[in-house]
Amino acid sequence: MSVWALGSNSSGQLGTGNEEDAHYLTPSILPPQVRINNIAGGGNHVFGWPQDGTQLYGCGSNANGELGEIQALDDGAKTLVWRITKQPEGLIKQVACGWSHSLLLTESGKVYATGSNRYGQLGNEDKGAAKWTAVDAVDSVAAVACGMRHSMALTEAGQLYAWGANRSGQLGCSPKASISTPLCVSAGLPPIAMVSCGRSHSVAIAQDHKTVFVAGQDKYGQCGPSTSEFVAGTWRKFTLPGVAQKLCCQWDSSVVLLQPKEAGNVMMWGRADHGQLAAETNEGCSRMLVPVPVLADDVACGSNHTLAKTRDGRVYSWGWNEHGNAGDPKLQNVFVPREIVTNSASAMGIGCGYGNSFVFDQS
């Protein structure tokens, strides 16, 4: 399997061996015999790992320890190619990235954090970390999510814990500058099935896979068509028109992948001034759900762009495109889903960092 990269590369986060942005799909340099099936990226760093969760790789910036303990770095603070990152004991289930911090979830339900801790996003009061540090206040975790400077963990029982920056109430509790100890923020909500975080907002979907809870900044309609009333803490709610299969957030917009329909199954809301919703709006944002004309089986979000993969392996992109990350080599923002032509008959997977895109194929 090959990994191809597009977009911002100022710290070598594309793993291409240099620091030049990629405006066309460019090979990402993997160690010999290495297969990567999963990608998670932040501001200037990216992680990759195989489906069996046995080994973690990283590339890009480690200026704040966001890659943890990693093999020999270029220039002491970055790596321009994929290198092995020392991981905690256990198999990797998921990795999530903020601007300069990262979370790792093991198959046993343990959460670890590394990187900047200026806003308490590592779940403790330390100054920061350059190695994976256990977040002991939460366990039996099923999923994790990172905002730009906040973190969330969803337990197997459907409870939601949050910590980090909270000036906009994005943690789901009363606004304050930050919270450094994980706090249960789902009291009063039904059990939660999925969670994702934007820059200053958070989104959770209940186990009915239709009821959406939103918290935090609403300047660009991040809280969608919810009422202005809080149902618990700073959470507001609305209902989806279909059954959610996946949720992911851009900085100021959100994406839900619904069960397939003939006309498309991707719904979005929030900021739209750079094509984030695959549509132009007079207000530059939309509180109402906007359908995207793509029938997808997976989606992935960067800071202001989205990738979607169809069942037959086609890849589409839209949104902010300053670095070519949304697929237009002319660097124009993409307001209509644009197909990214891959190097084989079909793509096997997709992933995003904040300003970049990755495609896996069998070439």
Side-chain angles (χ1 to χ4, degrees), residues 1-30 36 38-48 57-61 74-75 78-82 97 99 248 250-253 255 266 271-280 292 294 296 298-310 313-363:
M1 181 176 290
S2 299
V3 180
W4 302 84
L6 274 173
S8 176
N9 197 34
S10 59
S11 295
Q13 61 264 44
L14 298 186
T16 55
N18 58 52
E19 296 171 270
E20 298 177 5
D21 286 1
H23 301 160
Y24 299 89
L25 285 178
T26 302
S28 199
I29 302 172
L30 299 173
I36 289 179
N38 300 277
I39 291 278
N44 293 290
H45 68 293
V46 177
F47 288 102
Y57 301 89
C59 56
S61 173
D74 305 296
D75 299 332
K78 67 181 70 168
T79 173
L80 309 183
V81 295
W82 295 94
C97 299
W99 180 262
C248 64
Q250 299 178 12
W251 276 0
D252 302 309
S253 310
V255 185
V266 179
R271 191 168 183 173
D273 55 344
H274 291 82
Q276 294 97 318
L277 305 188
E280 296 192 52
V292 179
V294 173
D298 195 14
V299 289
C301 288
S303 61
N304 286 283
H305 76 288
T306 299
L307 291 186
K309 184 181 77 68
T310 66
R314 294 177 180 270
V315 177
Y316 293 87
S317 60
W318 60 90
W320 171 70
N321 189 53
E322 180 178 345
H323 302 282
N325 43 289
D328 184 352
K330 295 181 180 179
L331 308 186
Q332 299 297 310
N333 292 328
V334 179
F335 286 84
V336 176
R338 176 188 178 98
E339 184 172 2
I340 296 176
V341 180
T342 60
N343 293 277
S344 68
S346 64
M348 306 297 292
I350 54 176
C352 288
Y354 276 10
N356 38 59
S357 302
F358 294 86
V359 177
F360 313 106
D361 69 19
Q362 293 285 13
S363 61

If you measure from CZ on Phe358 to SG on Cys352, what distance do you get to the nearest 0.5 Å? 8.5 Å
Residue pairs fulfilling salt bridge (Lys or Arg N to Asp or Glu O under 4.0 Å) with at least one residue in residues 342-355, sequence neighbours excluded: none
Do you know the tightest heavy-atom contact between Ala5 and Ala22? O-CB, 3.8 Å
Applying side chain to side chain donor-acceptor pair (under 3.5 Å), can you list everything that pairs with His305, at least two apart in sequence or on another chain? Asn325, Ser357
So, using ring pair (Phe, Tyr, Trp, His ring centres under 6.0 Å) as the criterion, who are the partners of Trp251 when residues are at least two apart? Tyr354
Heavy-atom closest pair, residues Thr306 and Cys301: OG1-SG, 3.9 Å
Determine the minimum heavy-atom distance between Ser253 and Gln276, stating which atoms define it. OG-CB, 3.8 Å
For Gly275 versus Phe335, what's the shortest heavy-atom pair and its separation? N-CE2, 3.3 Å
Can you name the salt bridge (Lys or Arg N to Asp or Glu O under 4.0 Å) partners of Arg314, sequence neighbours left out? Asp312, Glu339
Glu322: side chain to side chain donor-acceptor pair (under 3.5 Å) partners, not counting sequence neighbours: Trp320
Please report the interatomic distance CZ(Arg271) to CG(Asn304), rounded to the nearest 0.5 Å. 6.5 Å
Partners passing side chain to side chain contact (heavy atoms under 4.5 Å, CB included) against Pro329 (at least two apart in sequence or in another chain): His23, Tyr24, Arg338
Interatomic spacing from CH2 in Trp4 to CG in Asp361 - rounded to 0.5 Å: 6.5 Å
Working to the nearest 0.5 Å, report the span between CG of Asp273 and CG of Asp252. 8.5 Å
Residues in side chain to side chain donor-acceptor pair (under 3.5 Å) contact with Trp318, at least two apart in sequence or another chain: none
Could you work out, with side chain to side chain contact (heavy atoms under 4.5 Å, CB included) as the rule, every residue matching Ile340, not counting sequence neighbours? Leu6, Leu25, Leu307, Val315, Ser317
Write out all pairs satisfying salt bridge (Lys or Arg N to Asp or Glu O under 4.0 Å) with one or both partners inside residues 325-336, taking only residues at least two apart or from two chains. none
Which residues pass the side chain to side chain donor-acceptor pair (under 3.5 Å) test with His323, sequence neighbours left out? Asp21
Tell me if a side-chain donor or acceptor on Asn333 pairs with a main-chain N or O of Asn321 at a distance below 3.5 Å. yes
One should read off an interatomic distance between His45 NE2 and Cys59 SG, to the nearest 0.5 angstrom, of 10.0 Å
Work out which heavy atom in Ala300 is nearest to a heavy atom in Ile350; give both atom names and the distance. N-CD1, 4.0 Å
Interatomic distance, CG@Leu30 vs OH@Tyr57, rounded to 0.5 Å, equals 8.5 Å
Per-pair distances, 0.1 Å, donor-acceptor, side chain in residues 7-14, under 3.5 Å, sequence neighbours excluded:
{"from": "Asn9", "atom 1": "OD1", "to": "Gln13", "atom 2": "N", "distance (Å)": "3.1"}
{"from": "Asn9", "atom 1": "OD1", "to": "Leu14", "atom 2": "N", "distance (Å)": "2.8"}
{"from": "Asn9", "atom 1": "ND2", "to": "Thr16", "atom 2": "OG1", "distance (Å)": "3.2"}
{"from": "Asn9", "atom 1": "ND2", "to": "Asn18", "atom 2": "O", "distance (Å)": "2.8"}
{"from": "Asn9", "atom 1": "ND2", "to": "Asn18", "atom 2": "OD1", "distance (Å)": "3.3"}
{"from": "Asn9", "atom 1": "ND2", "to": "Glu20", "atom 2": "O", "distance (Å)": "3.0"}
{"from": "Ser10", "atom 1": "OG", "to": "Asn44", "atom 2": "OD1", "distance (Å)": "3.3"}
{"from": "Gln13", "atom 1": "OE1", "to": "Ser10", "atom 2": "N", "distance (Å)": "3.4"}
{"from": "Gln13", "atom 1": "OE1", "to": "Ser11", "atom 2": "N", "distance (Å)": "2.8"}
{"from": "Gln13", "atom 1": "NE2", "to": "Asn44", "atom 2": "OD1", "distance (Å)": "3.3"}

Closest non-hydrogen atoms of Val3 and Phe360, given as atom of the first, atom of the second and distance, are CG2-CD2, 3.7 Å
Using side-chain contact (heavy atoms from CB on, under 4.5 Å), reason through Thr310 and Tyr316 one step at a time and then give a plain yes or no. CA-CA 8 Å; Thr310 66; Tyr316 293 87; 3.7 Å; yes
With sequence neighbours left out, write down each residue that passes salt bridge (Lys or Arg N to Asp or Glu O under 4.0 Å) with Glu280, or none if nothing qualifies. none
